[in-house]
Each structure stands twice: as C-alpha cells, then as structure tokens.
Amino acid sequence: MNLYDILGPVMVGPSSSHTAGAVRIGLITRRLLGEAPAKADIALAGSFAATGKGHGTDRALAAGLLGMQPDDIRIPRSLELAKDQGMEIQFREIQLKDAHPNTALLHVEAGSGRELELQASSLGGGRIMVNKLDGIDVNFTGESHTLIVHNLDQPGHVAEVTSMLSHKSVNIATMQLYRNKRGGYAVMVLETDQPIPEDSIAWLSHLEGVIKVTYLNTMQEDEHGV
Amino acid sequence: MAFESMEDWLKYSHDRNISAAEAVILEDMSDRGVSREETWSRMSAMWNAMKSSEQSYDRSLRSHSGLVGGAAGQMEDYLKAGDSLCGDVMGKVIMRALRLGESNACMKRIVAAPTAGACGVLPAVLVTAAGQGGFSDDQMTEALFAAAGIGQIIAARAYIAGAMGGCQAEIGSASSMAAGALACLKGGSPEQMADAAAIAMKNLLGLVCDPVAGLVEVPCVKRNVIGAVNAMAAADMALAGIRSTIPADQVFDAMKEVGDKMSSSLRETAEGGLAATAAGRAVSERLKKNR
Ligand code: SF4
C-alpha cells in the first residue's frame with residue numbers, strides 16, 4: 001500500500017467504508033450523471049442497510065450526490081442541504097444476491113431528464129468499486145480517468161474508440177467489454193493514463209450506434225458542489 | 001516498492017547514512033513518481049489536519065446512536081483538579097485520544113491512521129509530545145513519515161483492517177506506528193524505533209474487533225486510549241535501551257498468524273466479544289427498533 005493509504009484519507013467519520021466510501025459512491029454517481037441529480041432513489045444492501053444509519057451512510061451518500069468530498073464538514077447536514085436545494089432523496093433497503101456486504105444501488109434523475117442507475121460497493125479505506133451501470137455488469141474504481149461508452153453491439157465501435165484515443169496520444173490502462181446479449185446493447189469501460197479531450201468525447205457521442213458516452217475525469221477532484 | 005521488512009528499511013538507512021524517515025521519503029518519491037516537495041507537503045497537511053481535528057473537539061456532541069460523546073470533556077475537568085493518577089502528560093494523552101475517538105463517532109473531520117476507528121492514537125501522542133518537547137511542525141512531519149513507514153510494513157506482512165485481523169490490526173497497528181514515531185521524534189536510533197514498534201504491537205497482540213451494534217463507538221473510542229498510552233510506554237522502554245526479544249518483523253508476522261486464527265465473530269461482524277454481551281445486544285436491539 002502506498003504511504004497515503006496508511007495515513008489518510010482526511011475524512012469525516014466514523015467509518016472509512018460506511019462513511020468516506022459512501023460519499024465517494026454518491027460523488028461518482030453525480031459525476032457519471034454529468035449534472036446535479038434532482039431525484040434519487042437509494043437502496044442500501046447488506047451492512048450498509050444494517051449499520052448505515054449509525055455510520056451516517058445515508059447522509060454520506062446524499063453528500064456525494066451534492067458534490068461533496070469525503071472530508072467536507074457539511075456531510076452531517078447533507079440531508080437538510082439536499083432538501084433546501086430541492087433534491088428529492090428516498091432511501092430504502094434491498095436484498096442483493098452475490099453483492100459485496102457494503103453495497104448501494106442508486107437510481108438518479110437530473111432536471112434535464114437524463115437518468116442513471118448505478119450499483120457500487122465500498123471496499124474499505126474509502127475505496128469503492130462500481131459493479132453495475134444501467135443494469136450491465138462493470139468493474140471500475142473511478143481512481144483513473146474513465147470513459148464509458150454504451151453502444152449497439154455491432155462491429156467497429158471498439159476500433160472507433162481506440163483509434164480516437166491513439167490519435168489523441170491517450171494511453172489505455174485497462175479496457176473491459178460487456179454486453180447484455182449478442183447484437184443487443186454493449187458497454188465499453190476504458191481507464192486511461194491521460195485525460196481525454198472534451199471535443200473527442202463529444203465526437204464519440206455523435207457517432208451512429210453510440211447510445212451514451214460518459215466520462216469521469218479524475219482531475220476534477222476539487223469539485224465541492226452544493 | 002515500499003519496504004516490506006523492518007530489516008530492509010534499517011539496512012537501507014544505514015547503508016546511506018540517512019534517517020529512517022528520510023528513507024521513507026525517498027521510497028515514496030520513487031514509488032509514486034513524485035517530488036520531495038509533493039510528498040512533504042502532503043504529509044505536513046496530514047499533520048495539520050491531525051492538529052485541527054484534535055482542537056475542534058466539541059464536548060456537547062453525541063453520536064447518532066447516543067452511545068458516545070462528552071467523555072473527553074469529563075476527562076478534561078478531572079485533569080484540571082490536578083489529582084489524576086497518570087499525571088499531566090499521560091492525562092493529556094488520554095484526553096486527546098478520547099477527543100479524537102469521539103469526534104470520529106460524531107461525524108467530525110479526522111485523519112484515518114491507519115483507519116478511522118483508530119484515528120485517535122497518533123494525534124493523541126504526537127500533539128502531546130509536540131507540546132511537551134517543543135518540537136517544530138517539520139519535526140512532527142518527519143515523525144509521521146516514520147509512522148507511515150511502519151504502517152506500510154505492517155500492511156505488507158499482515159493487515160490494518162479489523163475485519164481482516166481484529167482490533168490488533170487497527171489499534172495495535174496505530175499503537176505500533178505511534179511508538180516508533182515517538183522514538184524517532186525523541187532522537188532514538190532506527191533500532192530503537194523498531195523496538196518501540198515491536199513492543200507496542202506485542203502488548204496488543206490478540207486484541208479482537210467486537211464493536212457493539214457494529215458501530216465504531218464501543219469499545220473503539222476507549223481503545224484509542226489504550227493504543228496511545230501503550231505507545232508512550234513502549235517508546236519510553238525502547239529509548240531506555242530495553243530491547244524487544246522478538247524483532248519487529250516477526251512480531252508483525254505473529255499478528256498475522258493470530259488474526260488468521262481469529263474466529264470471524266471477532267472480526268468486526270459484531271457477533272462476538274463485547275458485541276455479544278447482554279448489554280451489547282440490548283443496544284443493538286434498541287437501535288434496530290429505531291431504524
Ligand atoms: S473494535 Fe474493531 S471497529 Fe473498533 S477500533 Fe477496534 S478494530 Fe476498529
């Protein structure tokens with residue numbers, strides 16, 4: 001582990017998995033949605049459901065949706081802040097098969113109508129893993145620049161994305177491909193070493209057969225929201 | 001790569017005639033590809049965050065469950081009377097460990113060191129030692145590098161999460177890191193740092209993780225106190241020249257072995273130990289009803 005996995009993070013207590021990790025899950029959901037959610041339905045599973053209240057998991061998730069970082073001292077008041085802003089948040093409990101014990105399933109909707117469903121788990125030490133995106137299995141942490149492309153499952157899309165990246169001198173660190181069924185709906189998740197230029201993202205999203213493009217830039221760490 | 005044994009770490013320092021903390025700085029620079037300034041400013045930010053988390057304690061706060069809060073305030077009043085058994089320095093260590101443990105439970109800002117549950121150990125001893133010895137912020141930052149270096153070795157050989165190895169992995173690791181940091185701060189040799197870390201861990205070997213109702217409150221807050229007090233004692237022993245018969249690396253390996261043998265009911269699942277007592281279960285039932 002690196003030095004700052006041992007000392008750190010600086011965070012609002014009481015638990016790196018149930019509080020700091022939960023803030024990050026909320027925050028990654030907001031970033032993937034690309035704007036502030038107007039409505040959120042949050043389902044807590046396993047230990048998040050059992051001990052979440054006592055650990056402030058509900059407030060932590062709401063804080064993340066508001067754009068706060070794990071060290072934001074407003075986290076304990078996030079539910080009130082969300083209400084003030086007109087963000088509607090609903091919590092419930094859910095049973096998920098084969099999920100990590102600290103898992104949340106979020107369905108968010110922006111004022112623009114854009115929607116996102118995300119299932120993520122908190123792994124400890126404040127680190128998280130996104131397990132499902134709009135119903136399709138994925139695996140990424142949000143610690144690197146991450147590009148997610150939803151497209152129709154037809155030949156050529158992978159080549160379009162990778163050649164664009166090579167053209168922009170962006171190095172691919174990991175790449176994962178998922179689909180619901182042959183010829184159906186597919187998702188590509190790419191983690192890259194360099195940030196991807198905005199115009200390239202826009203170009204991708206206009207390609208035929210590409211349904212949705214989402215980009216997570218780790219440089220936006222300073223986002224403080226609310 | 002970070003050091004994976006105390007032996008390698010000490011040898012590296014001796015060969016280059018540099019301090020143990022300096023070796024950690026050089027390793028981090030090559031490990032993450034960062035400059036000295038970058039890692040130094042990040043570590044000094046940790047030190048500042050520790051200091052302010054200790055100062056921002058609010059004795060009126062209670063945790064969501066209502067189980068903890070206010071104890072550090074009681075301790076402070078008690079110390080003011082000047083009649084404590086532990087005396088001024090150890091009294092402050094106790095009070096500060098309580099402050100941090102309670103602040104964490106009450107959703108205030110802390111530094112996980114190495115975890116949120118054990119966040120009180122390092123600041124309790126370091127803030128107190130800084131005041132007592134008049135050490136500068138730079139000296140304190142250096143001591144934190146030593147602490148983090150010890151934590152890295154523990155993480156490499158064993159673990160630093162209660163869910164994996166019990167509380168010996170959290171409070172035990174924090175105490176071991178704090179003891180080594182104190183020995184460095186007081187001008188001890190790298191060997192004395194290693195002995196302090198080894199002694200502190202040995203004293204907490206076997207400690208189980210048994211949080212009541214699964215919350216980081218009982219016994220966690222007060223365990224920060226024992227981790228801090230133990231670190232002070234271990235550092236003083238090492239600085240007196242008392243050696244640890246079992247070298248630090250082997251102590252950490254033993255911690256891993258003990259943790260592996262620990263029943264899962266004693267690893268953060270809240271199914272054994274204090275969590276399973278009649279009083280512990282009653283708390284958990286009450287909270288379930290309010291859910
Ligand atoms: S009892 Fe468990 S949760 Fe509490 S401080 Fe120890 S390891 Fe952490």
Side-chain angles (χ1 to χ4, degrees), chain A residues 1-24 44 46-60 62-63 68-79 91-93 100-102 121-127 143 193 221, chain B residues 2 24-25 27-28 31-32 39 42-43 45-46 49-50 53 56 63-65 67 100-101 103-117 119 122 144-145 147-152 154-156 160-161 163-164 173 177 211 213-217 220 268-270 287-288 290-291:
Chain A
M1 282 200 218
N2 91 45
L3 224 46
Y4 300 96
D5 292 329
I6 307 285
L7 278 189
V10 179
M11 55 168 272
V12 162
S15 159
S16 59
S17 54
H18 288 66
T19 322
V23 175
R24 292 219 170 109
L44 302 173
S47 160
F48 264 12
T51 65
K53 261 251 150 63
H55 283 128
T57 305
D58 48 355
R59 284 168 279 172
M68 294 184 207
Q69 296 280 347
D71 69 343
D72 199 306
I73 54 173
R74 298 167 300 175
I75 292 169
R77 291 185 290 118
S78 67
L79 293 177
F91 291 95
R92 59 195 172 89
E93 289 181 17
H100 183 280
N102 300 325
S121 44
S122 177
L123 307 178
R127 283 167 311 130
E143 282 163 32
D193 292 334
E221 279 293 325
Chain B
V24 176
I25 294 173
E27 271 304 301
D28 186 48
D31 187 22
R32 294 188 302 123
T39 186
R42 188 155 173 197
M43 194 57 89
M46 293 291 165
M50 281 187 183
S53 65
S56 69
S63 65
H64 188 76
S65 71
L67 290 177
L100 269 300
S103 285
N104 179 56
C106 297
M107 297 190 80
K108 300 213 39 163
R109 191 194 277 153
I110 53 91
V111 182
T115 61
C119 72
L122 275 158
L144 279 186
F145 275 106
I150 295 167
Q152 273 184 307
I154 299 174
I160 53 167
M164 306 214 34
S173 299
M177 291 159 63
L215 300 177
V216 192
E217 302 191 7
C220 318
E268 215 181 87
T269 51
L287 294 176
K288 242 179 232 152
N290 298 343
R291 202 162 116 191

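Chain letters run A, B, ... following the sequence lines, proteins first and then strands; every chain starts at 1. Please read these numbers as outputs of a predicted model, since none were measured by experiment.
No donor-acceptor distance shorter than 3.5 angstrom exists from the side chain of A/Ser17 to the backbone of A/Gly124, with no hydrogens or angles considered. With A/His100 contributing its side chain and A/Asn102 its backbone, the two residues share a donor-acceptor pair below 3.5 Å.
When heavy atoms are compared at a cutoff of 4.5 Å, B/Ala213 approaches chain A solely by way of its backbone atoms N, CA, C and O. Contact annotation for B/Ala155: only side-chain heavy atoms (C-beta onward) come within less than 4.5 Å of a heavy atom of chain A. Contact annotation for B/Met107: both backbone and side-chain heavy atoms come within less than 4.5 Å of a heavy atom of chain A. With a threshold of 4.5 angstrom between heavy atoms, B/Ser63 does not approach chain A through any atom at all. Heavy atoms of B/Ile160 lying under 4.5 Å from chain A belong exclusively to its side chain. Within the 4.5 angstrom heavy-atom criterion, atoms from both the backbone and the side chain of B/Leu144 approach chain A. In this structure, the portion of A/Thr19 lying under 4.5 Å from any heavy atom of chain B is its side chain and not its backbone. Interface remark: B/Met177 contributes side-chain atoms only to the contact with chain A (heavy atom separation under 4.5 Å).
Proximity of A/Leu44 to A/Arg92: side-chain heavy atoms (C-beta onward) are nowhere separated by under 4.5 Å. Residues A/Leu7 and B/Phe145 are not in side-chain contact: their nearest non-hydrogen atoms beyond the backbone lie 4.5 Å or more apart. Side-chain contact between A/Lys53 and B/Asn290 is absent, with no heavy atoms from C-beta onward closer than 4.5 Å.
Of all the listed residues (A/Asn2, A/Ile6, A/Ile75, A/Asp5), the one sharing the greatest number of non-hydrogen pairs under 4.5 Å with chain B is A/Ile6. Of the residues considered (B/Met46, B/Lys108, B/Arg109, B/Glu217), B/Arg109 shows the highest number of contacts with chain A, using heavy-atom pairs under 4.5 Å.
Shown here are the side-chain hydrogen bond (donor to acceptor under 3.5 Å, both in side chains) partners of B/Thr115, two or more places apart in sequence or in another chain: B/Glu170. Residues satisfying the salt bridge (Lys or Arg N to Asp or Glu O under 4.0 Å) test with A/Arg77, not counting sequence neighbours, are none.
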